[in-house]
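Comments concern the structure below.
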Number of protein chains: 2
Amino acid sequence: MGRQTAYVREDAVRSARDVFWREGYEGASMASLQRATGLNASSLYHAFGSKRGLFDAAVEDYLERVVRPGLGSLQDPAVAADALEGYFRAARELFADPSGRTLPDGCLLVNTACSGLARDDGIAEAVRAYRAELGAAFLRGAAARFPTGAADEHERLAETCVALLVSALVMTRVDRGAALASLDAALSHLTTEDTP
Amino acid sequence: MGRQTAYVREDAVRSARDVFWREGYEGASMASLQRATGLNASSLYHAFGSKRGLFDAAVEDYLERVVRPGLGSLQDPAVAADALEGYFRAARELFADPSGRTLPDGCLLVNTACSGLARDDGIAEAVRAYRAELGAAFLRGAAARFPTGAADEHERLAETCVALLVSALVMTRVDRGAALASLDAALSHLTTEDTP
DNA sequence: AGGTCTTTGGAATGATCATTCCACTATAGT
DNA sequence: ACTATAGTGGAATGATCATTCCAAAGACCT
């Protein structure tokens with residue numbers, strides 16, 4: 001019953017997600033979102049209710065199609081000893097590649113946390129969940145890397161790796177060298193045999 | 001010659017700085033800046049030329065009155081062994097205090113790095129310089145803390161501490177617990193005797 | 001083929017934005 | 001006191017913002 005949509009919702013969300021990623025929530029105008037998705041205001045509002053609704057869909061897409069695929073093997077219950085190192089090696093290559101598509105824009109969620117939207121409870125919760133997911137995955141990786149280490153050492157290493165990643169994601173926006181230095185520090189923590 | 005200003009420039013800059021800190025460059029409207037400073041548009045534009053000019057003055061004030069005083073003893077040529085630990089202890093107290101005035105807003109420069117303004121060359125350079133200053137101070141602190149350690153270990157520790165601070169400054173906007181965990185990890189790196 | 005329901009196009013809306021302009025006020029030097 | 005100079009008040013400007021509305025378009029069902 002009724003007319004059918006002339007576009008694929010998933011494609012529209014992804015296009016919008018890249019605009020939000022590149023320009024931030026407040027910086028992304030409805031005009032630029034219409035341009036990127038190829039939809040006009042009516043369709044966008046009909047499908048997502050508001051700019052904020054579109055943003056929420058973009059965040060979900062970001063988690064599902066960017067964050068989780070990147071985490072990859074760290075999500076499995078059985079984690080390889082070099083899984084966390086592999087994560088940072090892959091990250092380093094992405095950050096170093098000048099043709100890297102959206103990476104000079106850092107992380108959609110980190111950027112949002114630093115924006116005015118951070119004061120929105122739903123957004124704050126999304127960032128908390130994002131960080132918790134990252135922390136849990138890194139903790140598994142840390143425990144697999146240093147099987148003889150103590151739990152609090154694993155916690156500290158995971159915390160440190162999360163911070164070095166967040167720092168890289170912030171700095172890549174203004175200084176690629178600094179971002180790479182941050183990732184290298186993480187790799188150094190993971191390749192040095194310093195279990196006492 | 002001519003009329004004299006009815007306000008103190010330094011006070012106006014500080015008030016504006018706090019608005020930018022709290023709401024970000026794009027989120028801070030000229031109306032709210034006028035309200036905070038007590039000056040009207042004419043005076044603001046006469047004194048600073050533009051919103052951007054006012055923001056530049058705010059960044060300078062932030063570095064001079066917030067960042068550098070906090071760095072304190074780490075700026076001296078001779079650094080105490082516990083200076084870096086002291087820095088993070090002081091930071092921890094500030095972050096934990098619920099009455100902390102502007103700290104739930106993180107860092108003016110980190111927030112700016114995550115905003116659309118990061119693509120401005122002048123702003124990017126300011127963030128780079130900020131991070132370099134932080135890194136240099138922390139490097140002195142790391143070397144003083146582990147006098148027998150190798151230079152690259154000092155580098156790694158400084159890099160790690162910068163990242164843990166940046167991460168705390170981001171996370172404090174959405175999750176104070178996570179921010180404190182980040183600072184605690186830094187303290188753990190500094191209080192554990194793990195020089196091989 | 002007709003009716004019903006959903007999607008779409010495009011213009012319109014009202015709010016808010018940074019910025020400018022001009023008249024008015026006040027000070028310092030002569 | 002007069003004048004040159006500089007700061008201030010307040011309204012006006014034009015651009016851009018998210019959002020809404022209505023009429024036209026298209027697809028399924030009977």
Side-chain angles (χ1 to χ4, degrees), chain A residues 1-59 108 111-112 115-120 122-123, chain B residues 1-59 108 111-112 115-120 122-123:
Chain A
M1 21 174 153
R3 187 172 168 178
Q4 62 194 8
T5 57
Y7 60 93
V8 181
R9 184 186 164 100
E10 196 175 36
D11 295 345
V13 171
R14 183 160 34 179
S15 300
R17 175 250 279 168
D18 287 346
V19 173
F20 283 127
W21 195 350
R22 195 170 345 107
E23 315 191 357
Y25 177 77
E26 350 215 24
S29 68
M30 284 304 295
S32 70
L33 290 165
Q34 291 174 232
R35 220 176 303 123
T37 58
L39 309 188
N40 62 14
S42 300
S43 303
L44 246 22
Y45 275 86
H46 188 79
F48 302 100
S50 64
K51 181 185 178 184
R52 176 58 197 283
L54 179 55
F55 182 75
D56 289 342
V59 166
L108 174 60
N111 296 348
T112 304
S115 79
L117 219 54
R119 250 170 237 102
D120 177 289
I123 295 292
Chain B
M1 19 178 149
R3 187 171 169 179
Q4 63 194 6
T5 57
Y7 59 93
V8 181
R9 185 187 163 99
E10 197 175 35
D11 295 344
V13 170
R14 184 160 34 182
S15 301
R17 175 250 279 167
D18 287 345
V19 174
F20 284 127
W21 194 352
R22 194 170 346 105
E23 316 191 357
Y25 177 77
E26 350 215 22
S29 68
M30 285 303 296
S32 69
L33 290 166
Q34 292 174 231
R35 220 176 304 123
T37 58
L39 310 189
N40 63 12
S42 300
S43 302
L44 246 22
Y45 275 85
H46 187 78
F48 302 100
S50 66
K51 182 184 179 184
R52 176 59 197 281
L54 178 55
F55 182 75
D56 289 342
V59 167
L108 174 61
N111 297 348
T112 304
S115 79
L117 218 53
R119 252 169 235 103
D120 177 289
I123 295 293

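All chains are named by letter (A, B, ...) in the order of the sequence lines, taking the proteins before the strands, and each is independently numbered beginning at 1.
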Spacing of B:Asn40 atom CG relative to C:dC21 atom C1', expressed in whole Å: 13 Å
pair A:Arg52-A:Ile123: side-chain heavy atoms closer than 4.5 Å: yes
Heavy-atom closest pair, residues B:Ser43 and B:Tyr7: O-OH, 4.2 Å
Test side-chain contact (heavy atoms from CB on, under 4.5 Å) applied to B:Ser115 - qualifying residues, sequence neighbours left out: B:Glu26, B:Thr112, B:Leu117
Closest heavy-atom pair and its distance - B:Met30, B:Leu44: CE-CD2, 4.1 Å
Interface polar pairs with nucleotides 24-26 of chain C, N/O, under 3.5 angstrom:
from: C:dT25; atom 1: O2; to: B:Arg3; atom 2: NH1; distance (Å): 2.7

Just the table, please: protein N/O against nucleotides 17-19 of chain D N/O, every pair under 3.5 Å.
from: D:dA18; atom 1: OP1; to: A:Ala28; atom 2: O; distance (Å): 3.2
from: D:dA18; atom 1: OP1; to: A:Met30; atom 2: N; distance (Å): 3.2
from: D:dA18; atom 1: OP1; to: A:Lys51; atom 2: NZ; distance (Å): 3.0
from: D:dA18; atom 1: OP2; to: A:Met30; atom 2: N; distance (Å): 2.7
from: D:dT19; atom 1: OP2; to: A:Tyr45; atom 2: OH; distance (Å): 2.5
from: D:dT19; atom 1: OP2; to: A:Lys51; atom 2: N; distance (Å): 3.0
from: D:dT19; atom 1: O5'; to: A:Tyr45; atom 2: OH; distance (Å): 3.1

Close side-chain approach of B:Arg17 and B:Arg22, heavy atoms under 4.5 Å: no
Audit row: B:Ser15, B:Asp18, side chain to side chain donor-acceptor pair (under 3.5 Å) steps and yes/no: CA-CA 5 Å; B:Ser15 301; B:Asp18 287 345; over 6 Å; no
Sugar-phosphate only, base, or nothing, as touched by B:Ala6 at under 4.0 Å among non-hydrogen atoms: sugar-phosphate
Shortest non-hydrogen contact from B:Leu33 toward B:Lys51: CD1-CG, 4.4 Å
Side-chain donor/acceptor contact of B:Ser42 with base of D:dG10 under 3.5 Å: yes
Heavy-atom closest contact (A:Val19 atom, A:Ala28 atom, distance): CG1-CB, 3.8 Å
